[in-house]
2 protein chains.
Amino acid sequence: MPKTTTWDERALLLLGVLTTQSQHGYQINDFIENRLCRVADMKKATAYAQLDRLHAAGMIEIEIAQVGNRPPRKVYSITEPGRALFHDLLATNLATVEAPAFAGDIGLMFMNHLPRAEAIAALRRRLAQLDTLIANQPMPPPHGGKLNLDLAVDHIVAVRRADRDWLATTIDRLEAEATLPNPHPQAAANPLS
Amino acid sequence: MPKTTTWDERALLLLGVLTTQSQHGYQINDFIENRLCRVADMKKATAYAQLDRLHAAGMIEIEIAQVGNRPPRKVYSITEPGRALFHDLLATNLATVEAPAFAGDIGLMFMNHLPRAEAIAALRRRLAQLDTLIANQPMPPPHGGKLNLDLAVDHIVAVRRADRDWLATTIDRLEAEATLPNPHPQAAANPLS
DNA sequence: AGCCCATTAGTCATACTTGACTAATCAAGA
DNA sequence: TCTTGATTAGTCAAGTATGACTAATGGGCT
């Protein structure tokens, strides 16, 4: 038999959107890019590619609907196998911890290559950004029925707040260390050791 | 003039590794996949592609070194322009907040599509995994000189702990709600409304 | 002597992602 | 009336990421 395709969180996202309600492409993209933008990030072309894969696998079906003289809509609906797949993907997703990889940590690793003052100033800017983000956190627009956006947003806010606290504490610690004799005397530019 | 290439955290990672010390390819990959695996994630083929791009842009240079009769080593070294680029990328990285997108939040959004008990059981498995990860957090092997792995690992641990706390609290709340009259009576399987 | 594994170097096909683009209809403002 | 922007459909080229693969050497084990 053919090797079973591997489905990821993008399939879960689309199946979830379609489980809530059959939709046509424009609606799907609009929904993802406007309503779910803080939780998910998928572009139009990616969505179409995934929808094609899901259709080819029989997880969704497509009907054409004509409204007036407008270009015909393709309405995507989830099938029974699709519901089963959605169920499995959802249960797995809920039960699994993802390996986090923060791009910001790359910089932290190499922080000692900058002069202390410069590094701390940069981290301070990061902290200011975080504060702004947390303060201006817009509450998501009200949503209908089964979609639990609040929970996901709440999670993001919680993690961001922890990030902020860690950063504030770390900056303080680094500053305290900076007043002591410099433990890294070679921190300035140093070509050809 | 040609459009300036966009450099990302992968370039930062490689430049950082080479700033610490000139290395040949095998060393670089070994270092990233063994020592930095908890902070960064870059595969061999990706590293070589990035090294090529950096070399084409004059950010690193390559010398051939022969050791015995072994296959010749290509030793990659950072150039002066490379150091400047590294400095800029590092300062930017430290000063910037990344938009986080957690795959796990996709599931949270659709949680109401599962029966409450099943969803809570799945989240409990996620929590157990998180606890294990936090408990078994291996301290990174000691590192030399300017590499500040501890800081990045500390950050990851802090965020993970916040994640764990949020999850524990959320599970409790969901369970409390579950004992009340079900606010989502259609939570069970419900084909064709 | 012979065999296997680690070291050292990459390459390549494949898959995934996305910015930019095309096309047509209709409502509303100028 | 004409133009513009939103609605609706996608496509395609170009870039990125990576699993799987090839090749050669040398040290150590049987």
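Here is how names work: the chains are called A, B, and so on, in the same order as the sequence lines, proteins then strands, and each is numbered from 1.
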Chemist: Looking at I156(A), N148(A), L94(A), which hits side chain to side chain contact (heavy atoms under 4.5 Å, CB included) with L108(B)?
Modeler: L94(A)
Chemist: Would you kindly give the CG-to-P distance between D41(B) and dA17(D), to the nearest whole Å?
Modeler: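 In whole Å, dA17(D) P and D41(B) CG are 11 Å from each other.
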Chemist: Checking side-chain polar atoms at under 3.5 Å, does W7(A) have a donor or acceptor matched by the opposite partner on D88(A)?
Modeler: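 No, D88(A) and W7(A) have no side-chain donor paired with an acceptor closer than 3.5 Å.
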Chemist: Protein-nucleotides 6-9 of chain D N/O pairs closer than 3.5 Å?
Modeler:
{"unit_1": "dT7(D)", "atom_1": "OP2", "unit_2": "Y26(A)", "atom_2": "OH", "d": "3.1"}
{"unit_1": "dT8(D)", "atom_1": "OP1", "unit_2": "R73(A)", "atom_2": "NH2", "d": "2.8"}
{"unit_1": "dT8(D)", "atom_1": "O3'", "unit_2": "H24(A)", "atom_2": "ND1", "d": "3.4"}
{"unit_1": "dA9(D)", "atom_1": "OP1", "unit_2": "H24(A)", "atom_2": "ND1", "d": "3.4"}
{"unit_1": "dA9(D)", "atom_1": "OP1", "unit_2": "K74(A)", "atom_2": "N", "d": "3.1"}
{"unit_1": "dA9(D)", "atom_1": "OP2", "unit_2": "H24(A)", "atom_2": "ND1", "d": "3.2"}
{"unit_1": "dA9(D)", "atom_1": "OP2", "unit_2": "G25(A)", "atom_2": "N", "d": "3.3"}
{"unit_1": "dA9(D)", "atom_1": "OP2", "unit_2": "Y26(A)", "atom_2": "N", "d": "2.3"}

Chemist: Which atom pairs link the protein and nucleotides 14-16 of chain D when you take only N or O atoms and keep those under 3.5 Å?
Modeler:
{"unit_1": "dT16(D)", "atom_1": "OP1", "unit_2": "R53(B)", "atom_2": "NH1", "d": "3.1"}

Chemist: Find out whether L14(B) and M42(B) are in side-chain contact, i.e. whether some heavy atom of one side chain is under 4.5 Å from a heavy atom of the other.
Modeler: yes
Chemist: Round to a whole Å and report the spacing from CG of N29(B) to P of dA6(C).
Modeler: 17 Å
Chemist: Mind checking whether N93(B) and R126(A) have side chains closer than 4.5 Å, heavy atoms only?
Modeler: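 Yes. Closest side-chain heavy atoms under 4.5 Å.
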Chemist: Is there side-chain contact between L123(B) and M111(B), with heavy atoms separated by less than 4.5 Å?
Modeler: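 Heavy-atom side-chain distance check passes, below 4.5 Å.
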Chemist: Taking all atoms of both residues into account, what is the closest heavy-atom pair of Y76(B) and L18(B), and its distance?
Modeler: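 Residues Y76(B) and L18(B), closest heavy atoms: O-CD2, 3.4 Å.
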Chemist: Taking E98(A) for its side chain and A103(B) for its backbone only, find out whether a donor-acceptor pair lies under 3.5 Å.
Modeler: yes
Chemist: Round to the nearest Å and state the distance from E33(B) atom CD to dG19(D) atom P.
Modeler: 9 Å
Chemist: Please report the distance, rounded to the nearest Å, between CG in L51(B) and P in dG10(C).
Modeler: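 Those two atoms, CG and P, are 9 Å apart.
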Chemist: Are the charged groups of E177(B) and R116(B) less than 4.0 angstrom apart, N to O?
Modeler: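 Salt bridge present between E177(B) and R116(B).
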Chemist: Whole-Å distance between dC16(C) C1' and E9(A) CD?
Modeler: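 In whole Å, dC16(C) C1' lies 12 Å from E9(A) CD.
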